[in-house]
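Encoded as structure tokens, the structure appears first; notes follow it.
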Amino acid sequence: MKRRAGEREKELKKKKLLEELGENRLPYLTPADADFHQLWKTKYSKLIFRKSDTIPEELHQTVQESFLTLREHNCFFQDLVRIKGKDFLTPVSRILIGKPGCTYKYLNTRLFTVPWPTERYDIKYCSPQIHDACKALMRLNDYLHIETVKALQGQNLFENKEIKDTSVIDRKQNFATSHTEQGSVSKDQSSLCVPEDDKSLENRTSYNLTLLNYMDPLQMLYLKQEPYFGMGNMAVSWHHDENLVERSAVAVYSYSCEDSAVQESNEQELKGRDPAVWHVGLKVAWDIETPGLAVPLHQGDIYLMLDDLNMTHQHCVLAGLSPRFSSTHRVADSSRGTLEYILGQCELALQNLQTDSDSMALSLKSLEAAVVKQGEEIHNEVEFEWLRQFWFQGKRYLKCTDWWLKPMAKLEEFWRKLEIMTSLVLSEVRKEQQIEEQRNETISCFLLILKERQKLRKEWRARSLGSS
């Protein structure tokens with residue numbers, strides 16, 4: 001219910017913003033505009049840019065080879081996401097790679113990590129090449145973690161210092177140098193970085209997974225047009241990244257497969273961004289006063305979104321003409337999204353199930369409303385947030401590894417016991433020897449959860465039929 005209320009609120013804000021705009025379009029700046037640097041410094045200073053030539057060449061090589069390997073092994077998939085009660089295939093194809101047992105949920109779809117090589121975990125990959133690709137992305141993850149810590153420390157150092165005014169320079173002169181080196185924060189931006197201890201810094205920069213994206217724009221029949229600024233084709237619409245640790249950073253490595261077939265336009269002849277080149281677009285969330293920003297992305301460039309930028313601003317990805325990969329590293333909120341968490345929840349629920357030592361008959365220890373409610377809510381969580389999410393996506397993960405099969409078998413075993421517990425509750429509440437008040441309270445909360453389960457099963461059945 002909370003999620004749906006949030007979706008409605010976003011739709012209302014979007015509708016209001018478009019109504020205010022009417023036929024007009026908001027202004028936005030690119031590196032070709034005179035005020036680009038000043039706008040970045042004052043309104044978007046928590047966006048940090050690293051040009052490809054500042055990154056070790058050996059890292060470029062292994063990461064870019066890993067992208068191509070995963071594509072050759074057909075490991076990228078379009079996700080069937082759910083928006084306002086309807087299913088849509090994403091234009092971008094994706095794969096999630098990260099710590100074993102981690103998941104990432106966006107637009108009501110839970111993705112499960114292909115685990116990168118990790119000590120004490122027995123991970124069997126379908127080929128040595130996939131192993132090497134996952135290892136390369138783990139190395140990139142470590143590199144980006146270090147770079148993000150440096151950037152945040154730089155922002156804290158320069159927090160209250162004056163920023164020297166510099167002239168706007170084009171890409172060849174490295175338009176983003178001041179942002180990558182100074183890491184300064186303007187008081188005009190929504191909030192400032194504040195000094196923090198090492199533990200807090202570590203928690204907000206320790207990326208535990210990366211969502212890889214791939215799209216070839218020339219193979220797409222249709223791409224949505226950017227609605228507020230007239231920036232052109234969008235590969236990914238305006239959004240905040242979901243389900244992340246609060247104020248955690250996001251790091252993105254971009255690799256567009258540029259070749260002689262895709263020529264950049266002459267920037268002097270263009271009004272706005274070059275449609276042949278991929279860009280990241282940024283805007284202050286639900287704001288019609290501040291111009292947007294369109295930053296070109298070339299082969300091997302990196303950008304970081306620091307601190308609360310992901311909350312106060314929205315970003316989109318603007319398509320160029322060439323195929324593009326990206327690796328988007330995140331600190332996913334692991335409070336409810338790890339295998340360890342859901343196994344712990346199952347064990348918690350099953351504490352209310354007991355076996356008679358003589359007859360081996362199963363029974364419930366307690367019929368208190370709170371205990372029954374907890375067990376049945378966990379039942380729903382296992383079924384709809386884990387088992388159905390995993391199997392709905394088919395056998396996609398088997399392209400890389402069979403690592404998730406054993407945990408899913410374990411969860412299915414727990415789910416069958418939870419089904420038995422539901423039957424036992426039904427059996428017990430029919431008996432009349434219970435205290436009526438307690439019985440009514442148990443029935444009341446129990447029926448609400450059963451109704452929700454029935455509704456969700458119908459929805460998932462409809463989704464399964466629709467996607468088959």
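The analysis underlying the following values was restricted to heavy atoms, covering all of them including side chains, and did not include hydrogens, waters or symmetry mates.
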Working for side chain to side chain donor-acceptor pair (under 3.5 Å), residues Y104 and R94: CA-CA 12 Å; Y104 180 67; R94 297 185 164 103; over 6 Å; no
Determine, step by step, whether K150 and Q153 satisfy the side chain to side chain donor-acceptor pair (under 3.5 Å) criterion, reporting the C-alpha distance in whole Å, the side-chain angles of both residues, the deciding distance to 0.1 Å, and the verdict. CA-CA 5 Å; K150 288 179 185 175; Q153 289 172 336; over 6 Å; no
Might you work through the salt bridge (Lys or Arg N to Asp or Glu O under 4.0 Å) test for K373 and E377, ending with a clear yes or no? CA-CA 6 Å; K373 182 173 183 286; E377 285 177 343; 2.7 Å; yes
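Residue E347 comes nearest to F414 through the heavy atom pair CG-CZ, 4.2 Å, listed as atom of the first residue, atom of the second, then distance. Taking both residues in full, the closest heavy atoms of P227 and M234 are given as CD-CE, 4.1 Å, listed atom of the first, atom of the second, then distance. Smallest separation of non-hydrogen atoms from F325 and L68: CE1-CD2, 4.0 Å. Of all non-hydrogen atoms in G300 and Q64, the two that sit nearest each other are CA-NE2, 4.3 Å. Contact detail for L321 and D216: the closest heavy-atom pair is O-OD1, 4.4 Å. The two residues T328 and L211 make their nearest non-hydrogen contact at OG1-O, 2.7 Å.
Checking H240 against N310 by side-chain atom types alone, no donor-acceptor pair falls below 3.5 Å. Q454 and K451 share no side-chain donor-acceptor pair at under 3.5 Å. Inspection of the E412 and W391 side chains reveals an N or O donor paired with an N or O acceptor under 3.5 Å. D301 and Y255 are not linked by any side-chain donor-acceptor pair at a separation below 3.5 angstrom, with hydrogens and angles left out of the test. Side-chain contact of T290 with D287: a donor-acceptor pair under 3.5 Å is present, judged by distance alone. Under the 3.5 Å distance criterion, with hydrogens and angles disregarded, a donor-acceptor pair is assigned to the side chains of S327 and T210. A donor atom on one side chain and an acceptor atom on the other are not found under 3.5 Å apart for S248 and Y207. Under the 3.5 Å distance criterion, with hydrogens and angles disregarded, no donor-acceptor pair is assigned to the side chains of Y143 and H329.
Remark: the backbone N or O of K51 is paired with a side-chain donor or acceptor of T54 at under 3.5 angstrom. A donor-acceptor distance shorter than 3.5 angstrom exists from the side chain of W40 to the backbone of L47, with no hydrogens or angles considered. At least one donor-acceptor pair under 3.5 Å links the side chain of T30 to the backbone N or O of A32. Under a 3.5 Å cut-off, the side chain of R50 and the backbone N or O of Y303 do not form any donor-acceptor pair. In this structure, the side chain of H298 does not engage the main chain of P296 through any donor-acceptor pair within 3.5 Å. A side-chain donor-acceptor contact under 3.5 Å links H313 to the backbone of K43. Side chain of T109 to backbone of L80: a donor-acceptor contact under 3.5 angstrom is found. Checked by atom type and distance alone, the side chain of E383 never pairs as donor or acceptor with a backbone atom of L456 at under 3.5 Å. Panel note: side chain D307, backbone L309; no donor-acceptor pair is recorded below 3.5 Å. Within the 3.5 Å criterion, the main-chain N or O of L282 finds no donor-acceptor partner in the side chain of Q314.
At least one side-chain heavy atom of L59 sits under 4.5 Å from a side-chain heavy atom of L140. Using a 4.5 Å heavy-atom cutoff, the side chains of T401 and I123 are in contact. Counting only heavy atoms from C-beta outward, the side chains of P31 and D33 never approach each other to under 4.5 Å. With contacts defined as side-chain heavy-atom distances shorter than 4.5 Å, the pair Y125/K135 does not qualify. Between L96 and L212 the shortest side-chain heavy-atom distance does not fall below 4.5 Å. Between V331 and N203 there is no side-chain heavy-atom pair separated by less than 4.5 Å. Counting only heavy atoms from C-beta outward, the side chains of V295 and L293 approach each other to under 4.5 Å. Residues F77 and T90 have side chains not in contact (no heavy-atom distance under 4.5 Å, counting atoms from C-beta outward).
No cation-pi contact links R273 to Y28, judged by a cut-off of 6.0 Å to the six-membered ring centre and 45° from its axis. Figure legend: K283 and W286 shown as a cation-pi pair, the cationic atom lying under 6.0 angstrom from the six-membered ring centre and within 45 degrees of its axis.
Ring pair W403/Y121 is tilted by interplanar angle, where 30° to 60° counts as tilted.
Between F384 and the options R453, E452, R110, H379, a side-chain contact (heavy atoms from CB on, under 4.5 Å) holds for only R453.
Distance check, rounded to the nearest 0.5 Å: CG of L318 to CZ of F229 gives 10.5 Å. For the atom pair CG of D87 and OG of S464, the computed distance is 9.5 Å after rounding to the nearest 0.5 Å.
Partners of L348 under the side-chain contact (heavy atoms from CB on, under 4.5 Å) rule, at least two apart in sequence or in another chain, are Q345, Q351, Q374, I378. With sequence neighbours left out, C75 forms a side-chain contact (heavy atoms from CB on, under 4.5 Å) with L70, H73, I95, I130, K399, C400. For H315, the ring-ring contact (aromatic ring centres under 6.0 Å, His included) test picks out H239, with sequence neighbours left out. Shown here are the side chain to side chain donor-acceptor pair (under 3.5 Å) partners of Q225, two or more places apart in sequence or in another chain: N233.
Few gaps surround CZ on F88; more than 12 heavy atoms of other groups in view lie less than 6.0 Å from it. Around the CD atom of E246, the shell of radius 6.0 Å holds no more than 12 heavy atoms that belong to other residues, nucleotides or ligands. Enclosure of atom CZ in R457 by more than 12 non-hydrogen atoms of other residues, nucleotides or ligands within 6.0 angstrom is indicated.
Among pairs with a residue in residues 333-345, those fulfilling salt bridge (charged side-chain N to carboxylate O under 4.0 Å, His left out) read R336-E381, at least two apart in sequence or across chains. Sorted by first then second residue, the salt bridge (charged side-chain N to carboxylate O under 4.0 Å, His left out) pairs that include residues 317-331, not counting sequence neighbours, are D241-R330.
Annotation: F112 is in aromatic contact with F390 [ring centroid separation under 6.0 Å].
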